[in-house]
Structure formats: structure tokens, C-alpha cells
Amino acid sequence: MELYNCLLDHYGEPGWWPARSPYEVIVGAVLTQNCAWGNVVKAIANIGDRLDPRTILDMDASELAGMVRPAGFFNQKVVYLKAVTRWYQLYGFDVDTVRREPLTKLRGELLSTRGVGRETADSILLYAFRLPTFVVDAYTVRLCERLRLDAGKNYEEIKNKFETNLAETGHNNEGIYNRYHALVVTHGNARCHKKPACGGCPVKEMCGV
Ligand code: SF4
């Protein structure tokens with residue numbers, strides 16, 4: 001919570017995930033794999049008002065590929081988008097129906113879906129469905145190393161470390177997880193790059209660099 005509070009005080013409320021609907025979060029989470037966010041925004045703008053799960057399922061793959069082209073790996077991402085949309089279809093494209101299911105079941109299903117890895121699955125569950133699962137990404141790993149947090153060696157270990165640690169102070173809820181990941185990404189984009197810009201860093205006193 002010390003790290004969280006420092007980041008929140010410095011960067012403010014992140015207001016994630018910027019999207020008009022839960023389905024747009026799902027699409028964004030798939031498209032952002034190996035892709036800068038600005039190009040995801042272009043791809044989503046190309047889809048425009050056809051960004052609806054039924055429309056995407058019915059759409060010709062080559063037409064959809066043309067729309068998501070700015071996000072790179074577009075043929076592959078069309079396959080992934082259709083697969084994750086079919087998963088959403090199991091719940092009638094209804095957010096409340098998804099939310100009634102156990103989190104571990106949903107996470108297992110998503111991880112069995114083509115093109116959905118851990119970061120994508122947790123991003124979908126947290127930001128589209130507002131379920132409490134901590135998201136880990138490359139910025140999280142780097143920050144943990146630099147702050148010498150000894151958070152673990154792989155995705156699941158780091159995720160469990162954050163969730164367990166936050167649970168000890170009663171802060172293991174969706175709202176904190178939402179902001180925490182967003183703040184880590186904001187910090188990584190703003191200054192904690194591979195070559196960090198450490199001047200004025202809000203967590204400099206905690207950092208081993
Ligand atoms: S002091 Fe530098 S390396 Fe450490 S967290 Fe801040 S920006 Fe990253």
C-alpha cells in the first residue's frame with residue numbers, strides 16, 4: 001500500500017480502462033498484445049460502431065483483419081478476437097451472467113482460449129468484468145526488481161505476492177487492483193523505462209537503482 005499510495009498521490013486517479021463498453025475492453029486487451037496503445041486506438045476506431053460481439057462473430061475474417069491491421073499480427077489477432085468472443089457468447093454476452101461465475105472458473109476458461117495468456121485474461125476479468133484479479137505485466141516485473149520487492153520469479157508468484165500482501169491490510173479488492181495496475185503502467189510509461197528518468201520519481205526513496 002505504501003507503493004500504491006505514493007503512485008496515486010503523484011499520478012492521481014487513473015480512470016482505467018478507457019473504453020465505451022466491457023466488450024471494447026476485451027477487444028483492446030487482445031489487440032494490445034505486442035502493440036503500442038496508440039495503434040490499438042486506431043484499430044478500434046476502424047471497427048467503429050461495428051464493435052459489437054455478435055457483429056464481430058459474423059464478420060468476414062479478412063474484413064476484420066483489414067480493420068485491426070494497425071495493431072499488427074492482424075490475421076492472428078482476428079483468430080484470437082473471434083475465440084474470445086465465442087467464450088463471451090457462452091454467457092450470452094452478458095456482464096452480470098459472467099460475474100455470477102466463480103473467478104477461478106472464468107480465469108481457467110480464458111486461459112484455455114486461443115491467444116489469451118495470463119495478462120490478457122486478468123485484464124479482461126479485472127477491467128471488463130470488475131472482478132478482483134491482480135494484473136502483472138513487464139512494467140510490474142521491472143518495478144519489483146528495481147524496488148527489490150522480492151515479489152517472485154514468474155507471473156503467478158508475483159500476482160500472488162501482491163494479492164496476499166494487499167489482503168493482509170484488507171485492500172484486496174477490485175478497485176485497488178484496478179488502480180494499482182494502471183498506476184504501475186502509468187509510472188512505467190512516464191519514467192521507469194529501460195533507461196529510467198529518475199529525477200522527481202515519486203518512489204525514489206524505495207528504489208534500489
Ligand atoms: S527511481 Fe528510477 S528506476 Fe527507481 S522506480 Fe523511480 S524511475 Fe524507476
Side-chain angles (χ1 to χ4, degrees), residues 1-19 25-26 28-44 70-73 103 107 110-111 116-209:
M1 284 308 293
E2 188 185 344
L3 171 60
Y4 170 87
N5 286 327
C6 284
L7 294 173
L8 185 61
D9 283 350
H10 186 79
Y11 294 108
E13 177 64 52
W16 269 32
W17 179 301
V25 175
I26 295 173
V30 170
L31 293 182
T32 199
Q33 295 171 6
N34 303 306
C35 173
W37 184 252
N39 292 330
V40 175
V41 171
K42 287 179 194 161
I44 287 176
F73 304 101
L103 175 55
R107 191 168 189 259
L110 281 169
L111 291 176
V116 178
R118 288 177 167 81
E119 184 185 336
T120 305
D122 287 327
S123 296
I124 289 170
L125 292 168
L126 179 61
Y127 291 108
F129 299 107
R130 305 278 161 191
L131 291 167
T133 186
F134 196 88
V135 180
V136 175
D137 70 344
Y139 288 130
T140 319
V141 174
R142 181 187 294 157
L143 190 58
C144 288
E145 286 171 0
R146 288 178 170 173
L147 301 187
R148 300 191 180 144
L149 289 180
D150 191 25
K153 294 180 185 60
N154 59 44
Y155 190 102
E156 294 298 331
E157 282 183 13
I158 296 170
K159 172 182 169 59
N160 288 337
K161 183 80 172 187
F162 273 90
E163 291 184 354
T164 306
N165 202 276
L166 289 169
E168 283 169 7
T169 56
H171 292 103
N172 55 328
N173 59 66
E174 174 267 325
I176 298 276
Y177 289 178
N178 176 319
R179 284 191 290 279
Y180 212 139
H181 175 64
L183 288 165
V184 169
V185 173
T186 301
H187 180 61
N189 275 323
R191 62 178 73 243
C192 203
H193 317 128
K194 279 185 188 162
K195 276 190 175 178
C198 300
C201 171
V203 293
K204 194 165 186 168
E205 284 186 10
M206 303 165 67
C207 186
V209 171

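First listed ligand is number 1; within each ligand, the first listed atom is number 1.
- Atom CZ of Arg130 sits in a crowded spot, with more than 12 heavy atoms from other residues, nucleotides or ligands closer than 6.0 Å.
- The one candidate from Trp16, Phe134, Tyr4, Phe162 that meets the ring-ring contact (aromatic ring centres under 6.0 Å, His included) condition with Tyr177 is Phe134.
- Within the 4.5 Å cutoff, the side chain of Pro196 has no heavy atoms near those of the Lys204 side chain.
- Aromatic pair Tyr139/His187: centroids not less than 6.0 angstrom apart.
- Atom numbering of ligand 1 starts at 1 in the shown order; those under 4.0 Å from a heavy atom of Cys207 are 1 (S), 3 (S), 4 (Fe), 5 (S).
- Those atoms of ligand 1 that come under 4.0 Å of a heavy atom in Val203, given as number and element, are 5 (S).
- When distances to atom 6 (Fe) of ligand 1 are checked against a cut-off of 2.8 Å, Cys201 contributes an N, O or S atom below that limit.
- Nearest protein heavy-atom contact of atom 2 (Fe) of ligand 1 is Cys198 SG, 2.4 Å.
- Of the protein's heavy atoms, His187 NE2, 3.6 Å lies nearest to atom 5 (S) of ligand 1.
- For atom 3 (S) of ligand 1, the closest non-hydrogen atom of the protein is Arg146 CD, 3.5 Å.
- Scanning all protein heavy atoms for the shortest distance to atom 8 (Fe) of ligand 1 gives Cys192 SG, 2.4 Å.
- Short contacts between ligand 1 and Val209, defined as distances under 4.0 Å to a heavy atom of the residue, involve ligand atoms 3 (S).
- Within 6.0 Å of CZ in Phe73 there are 12 or fewer heavy atoms belonging to other residues, nucleotides or ligands.
- Contact atoms of ligand 1 toward Leu143: 5 (S) (distance under 4.0 Å to a heavy atom of the residue).
- With a 4.5 Å cut-off on side-chain heavy atoms, Arg118 and Val136 do not count as touching.
- In this structure, Glu2 places its CD atom where only 12 or fewer heavy-atom neighbours from other residues, nucleotides or ligands lie under 6.0 Å away.
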